[in-house]
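Worksheet: one structure, shown below.
Keep in mind that what you see is a predicted model, and the values were worked out from it rather than measured. Quick note: residue numbers are just sequence positions, from 1. Numbering of ligands and ligand atoms starts at 1, following listing order.
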Amino acid sequence: MRKEIESVCILGGGTAGWMTAAALSHKFHGLPLSIRLIESEEIGTVGVGEATLPHIRSFNNTLNIDEATLMKETEATFKLGIEFCNWGRIGDRYLHPFGDFGPNVNGVPFYHFWLRLRALGDTSRLDEYSLPVMLAESTRFKFPDTDYSKIESTFRYAYQLDAGRYARFLRAYSERNGVVRTEGKVVETTLHPETGFVESVKLDRGEVVRADLFVDCSGFRGVLIEQALKAGYEDWSCWLPSNSAMAVACEGRGPLTPFTRATARKSGWQWRIPLQHRVGNGFVYCNDFVSDDEVAEVLLSNLEGPPLTTPKQLRFKTGRRRYFWYKNVVAIGLSGGFLEPLESTSIHLIQEGITELIQLFPTKEFHPADIDEYNRRMGLNFERVRDFILLHYVANQRDDGEMWLHYQNMKLPDSLQEKIAAWMTRGLIIKYEFGVFLPPSWISVLLGQNLFPRGYDRRADAAPEQMLVKNAADIRNEVRAAVRKTPDHRTFLSQIGAASGTAPLVAGGA
Ligand SMILES: Cc1cc2nc3c(=O)[nH]c(=O)nc-3n(C[C@H](O)[C@H](O)[C@H](O)COP(=O)(O)OP(=O)(O)OC[C@H]3O[C@@H](n4cnc5c(N)ncnc54)[C@H](O)[C@@H]3O)c2cc1C
């Protein structure tokens with residue numbers, strides 16, 4: 001007889017806590033499982049985390065959340081990718097799009113043909129074969145076509161949203177699904193004397209909360225996974241030394257861009273995330289290379305409009321929890337680890353943590369094989385993201401600061417070293433097991449930061465040159481025509497009822 005889990009306690013009401021509560025309350029709806037979420041308004045949330053990846057759409061869709069309603073309530077905008085400025089060399093600019101660069105031809109990715117064209121003296125940019133890049137450049141947006149024969153189907157999209165409002169939206173959703181919220185601060189944790197499992201937590205007002213399974217969404221504090229269970233932390237600052245960020249919101253100026261921007265500076269990088277009602281900005285850096293005061297000055301002098309908040313300082317240590325799942329505690333969100341937000345991956349890693357937990361949902365026996373598998377999967381997910389982020393830093397040709405030199409001389413993790421080597425010899429992207437970023441993402445960064453391979457797939461030489469030139473021109477024309485047919489981003493938000501003040505106020509449930 002299986003001994004099913006009857007109670008779950010989620011500690012923390014940030015993005016991680018409420019995403020977990022929403023998903024569990026939906027997926028296990030109708031089953032005898034009580035879900036309780038404890039959060040402390042006094043402690044608050046980390047208050048950043050506004051740029052997402054396209055996968056968040058499937059998360060929202062499986063919860064039956066209406067897109068226009070969610071976008072309106074979270075002041076969200078559409079996101080086609082991330083623009084990187086000054087990363088290879090000062091003055092460089094490229095967009096990492098959520099989509100393809102041209103079609104596959106007889107199983108060969110189009111970029112190999114483009115590499116051949118380039119060797120023949122063609123000067124077209126690879127971007128001209130990518131609809132999402134060209135849409136982003138002209139600040140236009142519409143939904144991808146579901147007819148896969150059309151060029152309009154060759155991209156995906158994500159959101160830029162107000163994270164605080166997203167958590168509030170999911171809170172309302174979860175409470176409608178029966179999740180019980182408790183306000184309070186956990187001040188004590190009781191472990192079982194033999195198994196070491198968490199038996200209960202005690203709140204500041206004296207209440208004791210018991211559960212079979214605890215999900216630690218307490219942010220950087222890791223109240224259960226680390227403070228109580230001492231699961232350990234793998235410090236990755238040898239590769240990604242950034243340990244600080246400063247965040248500030250400002251008024252938006254100019255057109256509403258459907259992309260996030262990451263601008264590399266002498267000693268760190270600055271983000272820009274456009275929402276409907278404001279622009280989120282921040283600066284990520286390492287204290288070894290620059291002081292907090294200097295960062296505040298650079299950040300504030302590079303805002304497009306007047307600041308709406310005072311800069312908020314955050315400290316972190318890059319890395320991952322040694323065990324994401326330890327005994328009867330699963331750490332999801334910042335309590336499980338943190339990688340800087342260069343590729344907007346944290347909310348995605350939360351989503352992965354939740355999806356894997358639901359797939360491997362335990363019984364009261366807590367089978368070690370399931371726990372090991374969860375830890376293996378999440379470990380790989382974190383490593384893949386680490387390598388991808390690191391690529392942006394190491395593929396630099398800058399000579400204007402100690403930080404860039406540091407990255408040029410760094411010993412890379414083997415997995416990344418192998419990936420770059422395969423690319424440089426023949427333009428091959430080795431596919432990883434797990435890992436959110438697919439070949440087009442890697443290609444955009446490698447080429448965007450001037451790492452041109454020495455060779456390409458030999459099959460790309462098979463087509464006669466004239467035919468190749470003509471086909472390439474046809475693709476570029478097709479992309480341009482599709483761009484012309486696409487409305488302006490802000491206009492489209494209004495058209496679908498997602499602009500602030502235009503959508504009906506109904507949220508989904510169960
Ligand atoms: C500088 C920076 C920029 C970022 N940008 C992005 C981005 O663009 N995209 C992205 O995907 N991610 C981004 N992230 C990550 C993102 O912010 C987080 O992944 C996300 O907000 C989830 O945080 P959390 O819920 O794990 O933690 P938090 O938001 O910190 O929430 C922790 C919760 O635990 C509660 N809590 C803590 N201790 C106790 C206690 N003892 N008792 C009771 N309650 C307690 C708190 O009250 C709070 O409710 C960024 C992070 C940083 C640091």
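- Residue nearest to atom 23 (O) of ligand 1, selected from L334, L11, T52: L334 (by heavy-atom distance).
- Proximity of L349 to ligand 1, defined as any heavy-atom pair under 4.0 Å, is not found for any part of the residue.
- Taking a cut-off of under 4.0 Å to the non-hydrogen atoms of R221, the atoms of ligand 1 that pass are 37 (C), 38 (N).
- Salt bridge annotation for D292-R315: present, with a cationic side-chain nitrogen under 4.0 angstrom from a carboxylate oxygen.
- With atom 15 (C) of ligand 1 as the reference point, the heavy atom nearest to it among G337, A262, G17, S346 is part of S346.
- F361 and F28 have tilted rings, their planes meeting at an angle from 30° to 60° on a 0 to 90° scale.
- Residue G333 has no N or O atom closer than 3.5 Å to an N or O atom of ligand 1.
- Ion pairing between E6 and R36 fails under the 4.0 Å rule for side-chain N and carboxylate O.
- Salt bridge absent: E251 and R278 never bring a charged side-chain N and a carboxylate O closer than 4.0 Å.
- Among protein heavy atoms, atom 5 (N) of ligand 1 sits closest to P341 CB, 3.3 Å.
- When the heavy-atom distances from atom 46 (C) of ligand 1 to G44, A247, G280 are ranked, the shortest goes to G44.
- In this structure, atom 49 (O) of ligand 1 lies nearest to the protein heavy atom G13 N, 2.9 Å.
- Near E50, the atoms of ligand 1 lying under 4.0 angstrom from a non-hydrogen atom of the residue are 7 (C), 8 (O).
- An N or O contact shorter than 3.5 Å links S40 to ligand 1 by distance.
- Heavy-atom proximity to G184, at under 4.0 Å, picks out these atoms of ligand 1: 42 (N), 43 (C).
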Practice problem: Check the pair E352, R377 against salt bridge (charged side-chain N to carboxylate O under 4.0 Å, His left out), reporting the backbone distance first and the verdict last. | Solution: CA-CA 9 Å; E352 287 291 332; R377 292 181 188 185; over 6 Å; no
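- Counting protein heavy atoms only, atom 24 (P) of ligand 1 is closest to A16 CB, 3.9 Å.
- Using a 4.0 Å cut-off between charged side-chain N and carboxylate O, R398 and D400 make a salt bridge.
- Contacts of E41 with ligand 1, taken as heavy-atom pairs under 4.0 Å, are absent altogether.
- With a heavy-atom cut-off of 4.0 Å, C217 touches ligand 1 through its backbone alone.
- For R384 and F437, the positive end is not near the middle of the six-membered ring at less than 6.0 Å and at most 45° from its axis.
- Annotation for ligand 1: atoms under 4.0 Å from non-hydrogen atoms of I350 are 19 (O), 22 (C).
- Near V223, with a cut-off below 4.0 Å to any heavy atom, the atoms of ligand 1 are 38 (N), 41 (N).
- The distance criterion of under 3.5 Å between nitrogen or oxygen atoms is met by V48 with respect to ligand 1.
- Residue W271 places a heavy atom under 4.0 Å from ligand 1.
- At a threshold of 4.0 Å, the pair K202-E207 does not count as salt-bridged, since none of the basic side-chain nitrogens sits closer than that to a carboxylate oxygen.
- Pairs of residues two or more places apart, or lying in two chains, that qualify as salt bridge (Lys or Arg N to Asp or Glu O under 4.0 Å) and include a residue from residues 319-344 are E226-R321.
- The salt bridge (Lys or Arg N to Asp or Glu O under 4.0 Å) contacts involving residues 261-274 comprise E83-R261, R272-E304, where partners must be two or more places apart or lie in separate chains.
- Here I90 contributes atom CD1 and T263 contributes atom OG1; the two are 12.0 Å apart, rounded to the nearest 0.5 Å.
- Scanning the protein for heavy atoms near atom 35 (C) of ligand 1, the closest one is G12 CA, 3.7 Å.
- Only the side chain of A245 comes within 4.0 Å of ligand 1, counting heavy atoms alone; its backbone N, CA, C and O stay farther away.
- Taking CZ from F59 and CD1 from I354, the interatomic distance works out to 4.5 Å, rounded to the nearest 0.5 Å.
- W269 places a side-chain heavy atom less than 4.5 Å from the side chain of Y393.
- Look at E137 and R93 and you find a salt bridge, because one of the NZ, NE, NH1 or NH2 atoms lies within 4.0 Å of a carboxylate O, short of that distance.
- A167 does not count as a contact of ligand 1, since none of its heavy atoms falls under 4.0 Å from the ligand.
- Between the side chains of T77 and Q160, at least one donor N or O sits under 3.5 Å from an acceptor N or O.
- Protein heavy atom in closest approach to atom 37 (C) of ligand 1: S218 O, 3.4 Å.
- For atom 7 (C) of ligand 1, the closest non-hydrogen atom on the protein side is G49 CA, 3.5 Å.
- The protein non-hydrogen atom at the shortest distance from atom 53 (C) of ligand 1 is F338 CZ, 3.6 Å.
- Contact annotation: for A51 versus ligand 1, heavy atoms closer than 4.0 Å belong to both the backbone and the side chain.
- For the residues V46, T182, I43, D204, the heavy atom positioned nearest atom 28 (P) of ligand 1 is part of V46.
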Self-check item: Test ring-ring contact (aromatic ring centres under 6.0 Å, His included) applied to F220 and F338, step by step
Solution: CA-CA 8 Å; F220 287 130; F338 181 64; 5.5 Å; yes
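- For atom 41 (N) of ligand 1, the nearest non-hydrogen atom of the protein is V186 O, 3.2 Å.
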